[in-house]
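Every chain is numbered from 1, with letters handed out A, B, ... down the list of sequences.
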2 protein chains.
Amino acid sequence: MAEKNQKQINRENLLSQGVALLMAQGYHGTGLKEILDAVNIPKGSFYNYFGSKENFGAEVIQHYIEPFIQELSGHMQNNDGNALGALARYYAELIEGAEKAEFKGGCLLGNLMGEISDTSPLCQASLQVAVKRYRDLLRTALQQAQEQGTIRTDKSAEEMANLLVDSWQGALLRMKIEKSTSPLKYCIDNLLNDLFRP
Amino acid sequence: MAEKNQKQINRENLLSQGVALLMAQGYHGTGLKEILDAVNIPKGSFYNYFGSKENFGAEVIQHYIEPFIQELSGHMQNNDGNALGALARYYAELIEGAEKAEFKGGCLLGNLMGEISDTSPLCQASLQVAVKRYRDLLRTALQQAQEQGTIRTDKSAEEMANLLVDSWQGALLRMKIEKSTSPLKYCIDNLLNDLFRP
DNA sequence: GCAAATAATACGACCGGTTGTCTTATTGTG
DNA sequence: CACAATAAGACAACCGGTCGTATTATTTGC
């Protein structure tokens with residue numbers, strides 16, 4: 001029974017390394033062998049865990065977004081009646097992380113949307129699900145802030161969630177070429193502390 | 001001397017096909033052979049025109065952005081004292097183009113920022129230049145609209161240009177996975193017709 | 001309860017094809 | 001004929017994926 005878990009462990013290791021390597025080098029820029037070597041699993045075994053590279057990619061996408069959803073959920077659950085503050089603290093953490101990563105990586109979802117959503121229907125569908133989950137969470141947070149009077153109500157929470165996601169993605173891309181987190185800082189400051197205010 | 005031109009013509013054809021194929025399949029998803037075949041240039045000849053694939057990529061980036069700068073410049077030059085209107089019409093054209101392309105492609109700059117800016121310093125630098133040129137043009141347009149009283153002045157034109165670029169890039173990514181131009185429409189409508197207004 | 005039969009998984013060599021790049025040969029031109 | 005520009009083809013490395021086999025689990029028969 002410890003062996004039954006081993007398969008799950010191997011799968012998880014592959015997915016984690018997949019996240020790291022796809023973030024750093026992109027989908028087509030990363031070979032399966034590189035991922036397999038990193039977790040010491042032989043080449044021939046890959047297809048015991050995943051049906052294909054494309055299938056693997058679709059699972060990597062879900063494995064990537066999960067921690068972000070958990071983290072954001074956590075911030076929203078124990079905020080002391082200040083949803084906007086919790087949201088701001090969450091993004092401050094993300095910015096800190098981006099600095100520690102030396103402006104590399106950005107968001108795997110954004111990178112893969114650009115690279116393979118046109119050529120891989122499977123990954124496109126996976127990206128759609130992942131983004132929707134994250135966006136819904138953000139919408140709920142903004143809705144809560146609206147009810148608390150810290151965010152304007154003449155614009156729907158959904159619309160603002162979309163704008164926040166889009167601007168953040170664009171800011172991450174600009175961070176990658178300008179090697180600076182100031183696009184991220186300006187993005188969040190402009191939206192949360194100004195344009196979204198009542 | 002007709003021969004001297006031929007080399008330039010071949011270079012341009014390679015760059016144009018490069019734009020098209022990199023847009024559709026990404027940098028690592030497109031082989032040199034595919035590009036060369038499309039313009040009937042033998043594989044062995046590639047290095048007569050470009051030093052390497054990476055070098056080629058950096059030139060493709062500049063070749064891609066040029067028409068956009070020309071188009072936007074054109075719109076801004078003959079606007080009848082209505083810079084904001086010209087900007088809105090420009091984006092309306094882009095949205096129309098995105099629909100005709102069936103939501104595929106998006107922006108080559110955005111796609112490549114995500115895919116290779118971390119691994120190719122050459123392309124990163126090229127992207128930086130291309131984005132800056134485009135962003136400066138947008139800033140000038142917004143500045144003009146500010147002077148005409150159609151855009152708020154309590155926020156700098158540069159900040160708004162950044163926000164516009166970022167949101168647009170994010171909206172393009174979401175267009176690619178949702179197969180719809182409504183992210184683009186909402187993005188432009190929210191910014192130009194609402195949040196940026198005085 | 002033990003052994004034989006069967007199923008499931010792990011594995012590394014290997015598939016045909018393609019990658020970006022480079023060396024060598026050929027071509028065209030002054 | 002000299003000389004540069006172009007093309008041909010070779011090159012090793014690598015790609016995603018498949019193969020038969022070896023090892024390990026599980027089920028079956030008695």
Side-chain angles (χ1 to χ4, degrees), chain A residues 1-15 17-22 24-61 112 115-116 118-124 126, chain B residues 1-15 17-22 24-61 112 115-116 118-124 126:
Chain A
M1 64 159 58
E3 294 303 327
K4 254 298 180 264
N5 287 358
Q6 190 57 42
K7 176 160 186 177
Q8 279 311 109
I9 290 172
N10 284 344
R11 272 181 60 94
E12 194 124 342
N13 283 344
L14 282 170
L15 288 172
Q17 270 299 319
V19 166
L21 288 169
L22 292 201
Q25 308 176 335
Y27 180 84
H28 285 116
T30 307
L32 290 181
K33 188 172 186 315
E34 200 174 351
I35 302 170
L36 288 157
D37 283 356
V39 294
N40 264 70
I41 290 178
K43 178 78 183 292
S45 298
F46 178 80
Y47 291 86
N48 297 331
Y49 299 103
F50 301 95
S52 67
K53 188 190 186 184
E54 190 183 4
N55 227 299
F56 175 69
E59 285 207 45
V60 164
I61 288 162
L112 294 187
E115 186 183 353
I116 51 166
D118 282 350
T119 48
S120 163
L122 234 129
C123 290
Q124 179 215 326
S126 182
Chain B
M1 70 159 50
E3 293 304 327
K4 254 292 179 276
N5 287 358
Q6 188 57 41
K7 176 158 186 176
Q8 278 310 111
I9 290 173
N10 283 343
R11 271 181 60 93
E12 193 125 341
N13 283 344
L14 281 171
L15 288 172
Q17 269 300 320
V19 166
L21 287 170
L22 292 201
Q25 306 175 336
Y27 181 83
H28 285 116
T30 307
L32 290 181
K33 186 174 188 315
E34 201 174 352
I35 301 171
L36 288 156
D37 284 354
V39 295
N40 262 67
I41 290 179
K43 184 169 183 183
S45 300
F46 178 80
Y47 288 85
N48 299 328
Y49 299 101
F50 301 95
S52 67
K53 187 188 186 184
E54 189 183 4
N55 227 297
F56 175 69
E59 285 207 44
V60 164
I61 288 162
L112 293 188
E115 186 184 353
I116 51 167
D118 283 349
T119 48
S120 164
L122 235 129
C123 290
Q124 180 215 324
S126 182

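Under the rule for a side chain to side chain donor-acceptor pair (under 3.5 Å), the partners of A:Glu59 that lie at least two apart in sequence or sit in another chain are A:Arg11. With sequence neighbours excluded, no residue forms a ring-ring contact (aromatic ring centres under 6.0 Å, His included) with A:Tyr49. Take B:Glu34 and apply the side chain to side chain donor-acceptor pair (under 3.5 Å) test, not counting sequence neighbours, and it matches B:Gln25. Evaluation of the side chain to side chain donor-acceptor pair (under 3.5 Å) rule for A:Asp37 yields A:Lys33 as partners, not counting sequence neighbours. In this structure A:Glu54 satisfies the side-chain contact (heavy atoms from CB on, under 4.5 Å) test together with A:Tyr27, A:Ser52, A:Ser120, A:Pro121, A:Leu122, A:Cys123, sequence neighbours excluded.
Regarding A:Ile41, its CD1 atom lies at a distance of 12 Å from the P atom of C:dG12, rounded to whole Å. In this structure, B:Leu36 atom CG and D:dG9 atom P are separated by 15 Å, rounded to whole Å. Regarding A:Asn40, its CG atom lies at a distance of 10 Å from the P atom of C:dC11, rounded to whole Å.
Between C:dA10 and A:Asn48, a contact under 4.0 Å exists linking OP1 or OP2 to a side-chain N or O.
In plain terms, the two heavy atoms of A:Glu115 and B:Glu115 that are nearest each other are OE2-OE2, 3.5 Å.
B:Phe50 comes within 4.0 angstrom of nothing in the nucleic acid, heavy atoms only.
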Exercise for the section: Any chance you could list the contact pattern along nucleotides 13-24 of chain C? Use B for base contacts, S for sugar-phosphate-only contacts and - for none, protein heavy atoms under 4.0 Å, 5' to 3'. Expected result: ------BBB---
